[in-house]
Amino acid sequence: MLLAVDVGNTDIVYGVYHQGEWVYIWRIPVRIDKSFPYFVSDLRLNFLEAGLSMGRVDRVVYSSVVPSLNQVLVPLLRTVFYTEPVIAGPGVSAGLKIAIDFPYQIGSDLVANAVAAYDRYKANCIIVDFGTALTFTAVGEDGTLLGVAIVPGLQTAVKSLFANTAQLPEVPLVMPASVIGKNTVHSIQAGVLIGYEELVRGMVRRIRAGFEGCCVTLATGGLSSVIDTLEDEFAETDLFLTLDGLRIIGDFERKAAGRPHTGASPG
């Protein structure tokens, strides 16, 4: 079994992959104030609830955009699963080329998204990730990550508005019936959600214009279903795209090493 760990700005997502499918996925909030015992307890509890043996995990792939957690989680994964985690990033990207100015500044989650999208389509791709940040990653048909555009995510935008104004409330992310709100809540929903709909359509259109030939657009991220009017923009919406990218990176590294990962304790 393979365990993929995706440490984002808001949540840590764990995925267990076995016999061609993700058999168990769970997420916990990012807590930089927590230490080794907290994360070990969560791992053990979730494996127990899923009826899975931790001893059957023989590969671990890790991605993180929260550097302060790496010193806790990487040694933890190494210790608990008796194997060296594959650390995804620009230098560990399943052969995907990274054509940006400072490759080690790009988030390993975006690299994983690009790897998964290109592996699936082998074509020009745009990956729109609706997370803490809203990102647009462009991949060329030759397997090159060409660049990224980043704006605040939907929840980030709403929280920023709430935190920096005296009279505006925090509102749920629900598409309004009209572009013009009749009350404060609907007004914020209209401005943010319909505004972001136009932002996404405009960004996708302009990125597509830079490609020759066909271009496949995919959506991922926990908030990818919020703006349901964007469905026509995407060939597919895949909540597991980042995890799939990590899985592909893990498989690539195993083949590159010329031998299977071993060392997991029986259990």
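Just so it is clear, the model here is predicted, and its values are computed rather than measured.
In this structure, N124 contributes its side chain and F211 its backbone to no donor-acceptor pair below 3.5 Å. Checking side-chain atoms of Q189 against main-chain N and O of P172 turns up a donor-acceptor pair under 3.5 Å. Remark: side-chain polar atoms of S224 are paired, donor with acceptor, to backbone N or O of G221 under 3.5 angstrom. With hydrogens and angles disregarded, no donor-acceptor distance shorter than 3.5 Å links the side chain of K122 to the backbone of G143.
A donor-acceptor pair shorter than 3.5 Å can be found between the side chains of N46 and Y24. Between the side chains of T217 and E233, no donor-acceptor pair is found at a separation under 3.5 Å. In the model, T132 has no side-chain atom that pairs as donor or acceptor with a side-chain atom of T156 under 3.5 Å. D6 and Y14 form no side-chain donor-acceptor contact under 3.5 Å, judged by distance and modelled atom types alone.
Residues meeting the side chain to side chain donor-acceptor pair (under 3.5 Å) test with D129, sequence neighbours left out: N113. Listed by chain and residue number, R59, R247, R254 satisfy the salt bridge (charged side-chain N to carboxylate O under 4.0 Å, His left out) test with D251 (two or more places apart in sequence, or in another chain).
If you take CZ on F81 and CE on M1, they are separated by 8.5 Å, rounding to the nearest 0.5 Å. Taken to the nearest 0.5 Å, the CD atom of E253 stands 13.0 Å off from the CD1 atom of I248. Interatomic distance, Y62 OH to N70 CG, rounded to the nearest 0.5 Å: 3.5 Å. Summarising the geometry, atom OG belonging to S93 is positioned 4.5 Å from atom CD1 belonging to I98; distances are rounded to the nearest 0.5 Å. Taking OG1 from T242 and CG from L110, the interatomic distance works out to 8.0 Å, rounded to the nearest 0.5 Å. Atoms CD1 and CD1, on I207 and I126 in that order, are 5.0 Å from each other to the nearest 0.5 Å.
For residues 13-37, the salt bridge (Lys or Arg N to Asp or Glu O under 4.0 Å) pairs, not counting sequence neighbours, are D11-R27, R31-D33.
In the displayed structure, E231 atom CD is contacted under 6.0 Å by at most 12 heavy atoms of other residues, nucleotides or ligands. Shown here is K182, whose NZ atom has no more than 12 heavy atoms of other residues, nucleotides or ligands within 6.0 Å. Taking a 6.0 Å sphere around CZ of R206, one finds it holds 12 or fewer heavy atoms contributed by other residues, nucleotides or ligands. Shown here is E49, whose CD atom has more than 12 heavy atoms of other residues, nucleotides or ligands within 6.0 Å.
L45 and V23 fall into different hydrophobic clusters, where Ile, Leu, Val, Met, Phe, Trp and Tyr are joined by side-chain heavy atoms under 4.5 Å apart, directly or via other members. Two different hydrophobic clusters hold V179 and V174 under the rule that ILVMFWY side chains link at heavy-atom gaps under 4.5 Å. Follow the hydrophobic side-chain contacts under 4.5 Å out from L241 and you never reach F252; the two are in separate clusters. Linking ILVMFWY residues whenever their side-chain heavy atoms come closer than 4.5 Å, directly or via other members, places I180 and V171 in the same cluster. Transitive grouping of hydrophobic side chains (ILVMFWY, heavy atoms separated by less than 4.5 Å) brings V72 and I28 into a common cluster.
Within the 4.5 Å cutoff, no side-chain heavy atoms of T135 are placed close to those of V128. Using a 4.5 Å cut-off on side-chain heavy atoms (C-beta onward), I25 and V16 make no contact. For the pair I12/L69, a side-chain contact is recorded, criterion being any heavy-atom separation below 4.5 Å from C-beta on. Between T220 and F240 the shortest side-chain heavy-atom distance does not fall below 4.5 Å. Residues V65 and N9 form a side-chain contact, since some pair of their non-hydrogen atoms from C-beta on lies under 4.5 Å apart. Counting only heavy atoms from C-beta outward, the side chains of D244 and V115 never approach each other to under 4.5 Å. The closest side-chain heavy-atom distance from M54 to R44 is below 4.5 Å. Between W26 and L43 the shortest side-chain heavy-atom distance falls below 4.5 Å.
Nearest approach of Y196 to A157, heavy atoms of both residues: OH-CB, 3.5 Å.
A salt bridge links D232 with R201: at least one charged nitrogen is closer than 4.0 Å to a carboxylate oxygen.
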*Let me see the working for R120 and E236 under side-chain contact (heavy atoms from CB on, under 4.5 Å), right down to the final yes or no.*
CA-CA 11 Å; R120 193 171 300 177; E236 62 174 306; 3.0 Å; yes
_Could you walk me through whether L199 and F136 satisfy the side-chain contact (heavy atoms from CB on, under 4.5 Å) test, starting with their C-alpha distance in whole Å, then the side-chain angles of each, then the deciding distance to 0.1 Å, before giving a yes or no?_
CA-CA 11 Å; L199 183 155; F136 302 81; 3.9 Å; yes
*Begin from the C-alpha positions of V139 and L146 and carry the test side-chain contact (heavy atoms from CB on, under 4.5 Å) through to its verdict.*
CA-CA 6 Å; V139 182; L146 301 169; over 6 Å; no
*Show your reasoning for whether side-chain contact (heavy atoms from CB on, under 4.5 Å) applies to V86 and V60.*
CA-CA 6 Å; V86 172; V60 179; over 6 Å; no
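Checking V5, I87, L246 one by one against S63, the side-chain contact (heavy atoms from CB on, under 4.5 Å) holds for a single residue, L246.
Using the six-membered ring where Trp is involved, Y17 and W22 have ring planes that are perpendicular, over 60° apart on the 30 and 60° scheme.
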